[in-house]
Amino acid sequence: MLRKLAVGGLKNRWKDYLILLSGLIISSAIFYLFETLATNSRFLHTNGKVVSFTGYIFNFGSILLMLITFVYLNYANSFLLNMRKHDYGLFMMLGAKKGKIGQLVWLETILIGILSTIVGIAVGILASSFVPRLLTKLLGITPKYYEPLWGKAILWTGFLYLGLFVLGAVFNTIVMVRKPALKLLKSEQTVSKNFMPWYLQLLQAFVGILLLIAGYWLISDSTILKQKTIPAALITLSLGSYFLFNASIIVIIDFLRKSHLAKRGLNTFTLGQLKYRIYDYTRILTVVSMLFALALGAITTGIGFRNSIENAAHAQSAYTMGIVEPSRQQKRLIGRLNIEKQNTYKLKATENAIYFDKQQLKNTPLQMVKFGNSLYNIKYVNQKISVFEKSSYEMMSFLPPDYSRHRLKIADKNVFKGINTKTETLFLFRVKNITNDYGLLQKLENTKDKNGVAIAEQMTANASVNGSFGSFKQLKTIFGGLEFMGIFLGIAFLAMLASCLMFKILSGAFMDVRRYQLLAKLGVRKRNLKWAIRKEIGILFVLPGALGVVHVLFGLKLFKVLLNNPYHAIWVPFTIFGLLYFGYYAVMVLMYERIVIKKKGQSD
Amino acid sequence: MNTSVVKVENLKKVYGKRNQKKYEALKSVDFEMQSGEFVGIMGASGSGKTTLLNMLATFDRPTAGSVKIAGDEISSLKGDHLADFRAKKIGFVFQDFNLIESLTAAENISLPLSLQSVPAGEINTKVENVSRILGIFELLKKYPYELSGGQKQRVACARALVHKPTILFGDEPTGALDSKSARELLNLLTEINEKHKTSILMVTHDAFSASFCSRILFIKDGCINRELLKSEKQTRGGFYQEILDTLGVFEP
């Protein structure tokens, strides 16, 4: 009989269970996704060798994600517990033995855990085979050695989730069995809230701001704590955000409630709702603001690496490409490029030397890269003729492989004329932006010159790169791996964030059904009800978002070592991220409205 | 003053969707209520009294028939018009108070006014006035969980009255109260009805509560079966006795 009741309860609340399960599935899928990266040392090694602390970052991220998962499962578990309290209380009233109830609670929690973990891993495998393909399609990055089906990741995900669920089950059983039946039955009706005295709030605000300042200070100068900067910053910033949220929001809400603004429309109601909830929300808002920062930071640095390719490539050579004896087809392609600088030189090759005309070099001097104080701070300057013969490496890279054993020589005008071989022309050019002309340059590289050789073939034979375009392609594979990791991490964190927030907000929605129905009975227009929902959820999204942005703006300083300018074109990732975040918000509002506001067909 | 506040003609309500078993909650109800009246609707559980009230208060739609409140046909109201009608013309007191736990008493009371974009200053005076009438001025800053049942219901009454509705509906307003609080509330309702000329229509199954009304409609099996009018000379006690006698015959 009892089993029948339990299953019946399950059937009646399948929608709530659906929310619970989907949340858990998303969470375990993300964890799996992350672990496919973090435990794949070959992938990390290949793609991250330029950055010594990639492995460290991933280990650290792994631990962080575990902690977040712990918090997250805690929420999910309390959601389950709240959902079932009433039913189990009822069973006890009907005379069910405590031991039996304990058994049922245990079974239910473990079953949900196993189900969501297995489905989650399956979804994770599916997603991880899809995500790299998507990135390849959108960004042209092909991550090497990335395996969607990764045994270690399955093991870790299963291990962590099942372990946490066992803990949760033990906890639930204890709570259910210990509490008197009447308390369980009426748990939904107890609503008392004790608000903190003002001096404690003030103290909290003070400590919070202090911790935030400390965190930002640590980030702004990573020489203070070196390797420990990231964990230290995470701890100080998390605690700081928590205290700040805990203290300031109540004060702000109270202030707004006393203002005239509160007396307009449903503002009082929204503010009341927020104040009523904020204690439950401070923890989640803190977690969300950290996740927001991590996600946005990861995407920003990922895209930052992409932006750095262009600059880093420009620093490798003064010319994008050099072509000996360009064919008509090549010239046509060159005509379509956005060229910033171009030079043409005559050259004559004998058996073991290549001669350039001194007069011509004087009239149109060859350019070279001059480095400033960093890799990215460069200038193009005219090369002196005296160094030309000594630094032949760059010039040689433009020439066909037949000449690889030749020496470069400068000849006076008359001597040059006297050399009795055919004159060839070397065309050198530099485009303004390699990324923009990438397609054309790629074509140009594969087109044959007058001698029937394409630069692409020339490069494989020479084992060197022709101009900055060659470097660009090399850098792309190196930085592409980092970009992939950044964007991948960003998406994972964002998805985790969204499901965390979703869970928390939706679990409150059931309590709100009555309130919104009451408002409708009091004569609130449907449009206004929807506005109230949008506002309330909007604020819960904006608060951690705003703090998260500040975290990122400071956090990016950490990447000054790696990136040209971490703040360059920062609006691109911010806009992309903002759109995704807004998308989550819109979905959230729709789901909430669906739960809280009655549909048209029903009587109002 | 003899204007009609509520006029119900041939009201019918059938529950159950198409192809489902139908249940006729209201068969055919006709009655009229004048401005300033205090009307009680009595009947056993399942007699249809709550269905009738829900339809009068626009919470539910009739299957057939007409309901006019202050001359407006409400069965045809939809969407925003319906919401505005509720916000301006109707006050409702529920059995279980239905206060919003996240708002203080004052905020709960001011809700209908802020919905109508009444200026903040005016809201404050109106809330103060109505709370003095109901004797809850001292409680304005408290949250619902800090109030007793009787206090909560008085706050709910204040919320239902603050925007000066054409009519106040009550759905067993004393149902969740102890006898002392119930008596206090009923005295207050009577005072509001007499002093402030507010029309009140209340559903109850309790003869004591009903004895505060000036007229009582008895509903049985979806029809109005009988009507009792309190005469000028009659005391409340006398009326109470008459109601009990009627119920004895009415509900064998």
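Residue numbers begin at 1 in each chain, while the letters A, B, ... track the order of the sequences.
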*asked:* Quick check on Leu519(A) against chain B: is it the side chain, the backbone, both or neither that has a heavy atom closer than 4.5 Å?
replied: side chain
_Contacting moiety of Phe94(B), where chain A heavy atoms sit under 4.5 Å_ = side chain
*Is there side-chain contact between Leu522(A) and Arg86(B), with heavy atoms separated by less than 4.5 Å?*
no
*asked:* Listing request: all salt bridge (Lys or Arg N to Asp or Glu O under 4.0 Å) pairs with a residue in residues 67-80 of chain B, at least two apart in sequence or in separate chains.
replied: Arg525(A)-Asp80(B), Arg527(A)-Asp80(B), Asp72(B)-Lys89(B)
*What is the ring orientation for Tyr143(B) with Tyr145(B), classed by angle as parallel under 30°, tilted 30 to 60°, or perpendicular over 60°?*
parallel
*Among Ala57(B), Ala87(B), Ser110(B), who wins on heavy-atom pairs under 4.5 Å with chain A?*
Ala87(B)
_Parallel, tilted or perpendicular, as decided by the 30° and 60° cut-offs, for the rings of Tyr581(A) and Phe292(A)_ = perpendicular
*chain B: which of Asn267(A), Val524(A), Leu518(A) shares the most heavy-atom pairs with it under 4.5 Å?*
Leu518(A)
_Heavy-atom cut-off 4.5 Å, strictly under: side chain, backbone, both or neither for Leu103(B) against chain A?_
both
*asked:* For Ser289(A), give me all partners under side chain to side chain contact (heavy atoms under 4.5 Å, CB included), at least two apart in sequence or on another chain.
replied: Ser241(A), Phe245(A), Pro544(A), Leu547(A), His551(A)
*Asn124(B) portion near chain A, given a 4.5 angstrom heavy-atom threshold*: side chain
